[in-house]
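Worth saying up front: this structure is predicted, and the values here are computed from it rather than measured.
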Amino acid sequence: AAVGPADFGPTMGIGLRARRRIEAGEVLLRVRKELAISPSRARALLAEWLPQSCRLQATGQPFRSVKDLLSGQVVQVLRSEEAVLGACQACGITSDNDALRRRALGKHVRIMDMDASDETVEVQGPGVERVWMAAQAVEPATSVAAATATLSDEVALALCMARMR
């Protein structure tokens, strides 16, 4: 065989190493489609593996402060336009990006940045452009499955591979 399994250590992980010179266009490995782990399959496996006790239910209660949040945390934007825009206005956020905030209503997003001085968070997620909003405009994620949907492909695959080791 042209390649074989190899352990590249704790920082690189397990992979394949060439055993001989590889020719251009040469098939090195064939994997049946159902055995391959795509990013979407990795997310599904992560949601399946995480214990039921970790599943969160939306409370309808927003976080009270940025102190209750972590950078990188997955949260859900409140479903109520009035609640989200009202909380943003109360924090001094202008209405310039309210269209982006409306598109984020009810969606799972990741906290990208936080500002404790005005109690605001910058969020982004699938179909949600980066936008600042009040910390009080978000609540805990509804489920692990929904939260894993916000993971980047690279992170989903890395977490899945770490779990399989």
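- At a cut-off of 3.5 Å, with distance as the only test, no side-chain donor of Ser95 or Gln89 sits close to an acceptor on the other residue.
- The shortest distance between side-chain heavy atoms of Leu70 and Ile111 does not fall below 4.5 Å.
- Other residues, nucleotides and ligands place more than 12 heavy atoms under 6.0 Å from the CD atom of Glu26.
- Nearest approach of Ala116 to Val66, heavy atoms of both residues: CA-CG2, 3.6 Å.
- In this structure, Glu129 pairs ionically with Arg103, as a charged nitrogen and a carboxylate oxygen lie closer than 4.0 Å.
- Looking at Ser38, its side chain does come within 3.5 Å of a backbone N or O of Arg41 through a donor-acceptor pair.
- Note: Arg17 CZ to Asp7 CG = 9.5 Å, rounded to the nearest 0.5 Å.
- A 4.5 Å side-chain heavy-atom check between Leu69 and Val138 finds at least one atom pair inside the cut-off.
- Gln136 and Arg64 get closest at one heavy-atom pair: NE2-O, 2.9 Å.
- Side-chain contact between Leu105 and Val84 is present, with heavy atoms from C-beta onward closer than 4.5 Å.
- Using a 4.5 Å heavy-atom threshold, the side chains of Met133 and Val77 count as touching.
- The distance from the CZ atom of Phe63 to the CD atom of Glu119 is 12.5 Å, given to the nearest 0.5 Å.
- In this structure, Ser117 and Asp115 approach most closely via the heavy-atom pair OG-OD1, 2.5 Å.
- If you take CG on Leu28 and CD1 on Ile22, they are separated by 5.0 Å, rounding to the nearest 0.5 Å.
- The backbone N or O of Gly125 sits nowhere less than 3.5 Å from a side-chain atom of Arg110 that would complete a donor-acceptor pair.
- A 4.5 Å side-chain heavy-atom check between Val75 and Val109 finds at least one atom pair inside the cut-off.
- In this structure, Phe8 and Ile14 approach most closely via the heavy-atom pair CD1-C, 4.5 Å.
- Judged by distance alone, the side chain of Arg101 and the main-chain N or O of Trp132 form a donor-acceptor pair under 3.5 Å.
- Counting heavy atoms of neighbouring residues, nucleotides and ligands inside a 6.0 Å radius, atom CZ of Arg21 does not exceed 12 of them.
- With a 4.5 Å cut-off on side-chain heavy atoms, Arg130 and Val123 do not count as touching.
- Although no hydrogens or angles enter the test, the distance criterion places no donor-acceptor pair under 3.5 Å between the side chain of Gln76 and the main chain of Glu139.
- Scanning all heavy atoms of the two residues, the minimum distance from Ser71 to Met114 falls at N-CE, 3.6 Å.
- Rounding to the nearest 0.5 Å gives a distance of 10.0 Å between CG of Leu85 and CD1 of Ile93.
- Note on Val121: it does not cluster hydrophobically with Met112, by side-chain heavy-atom contacts below 4.5 Å among ILVMFWY residues.
- Ala141 and His108 get closest at one heavy-atom pair: CB-CD2, 3.6 Å.
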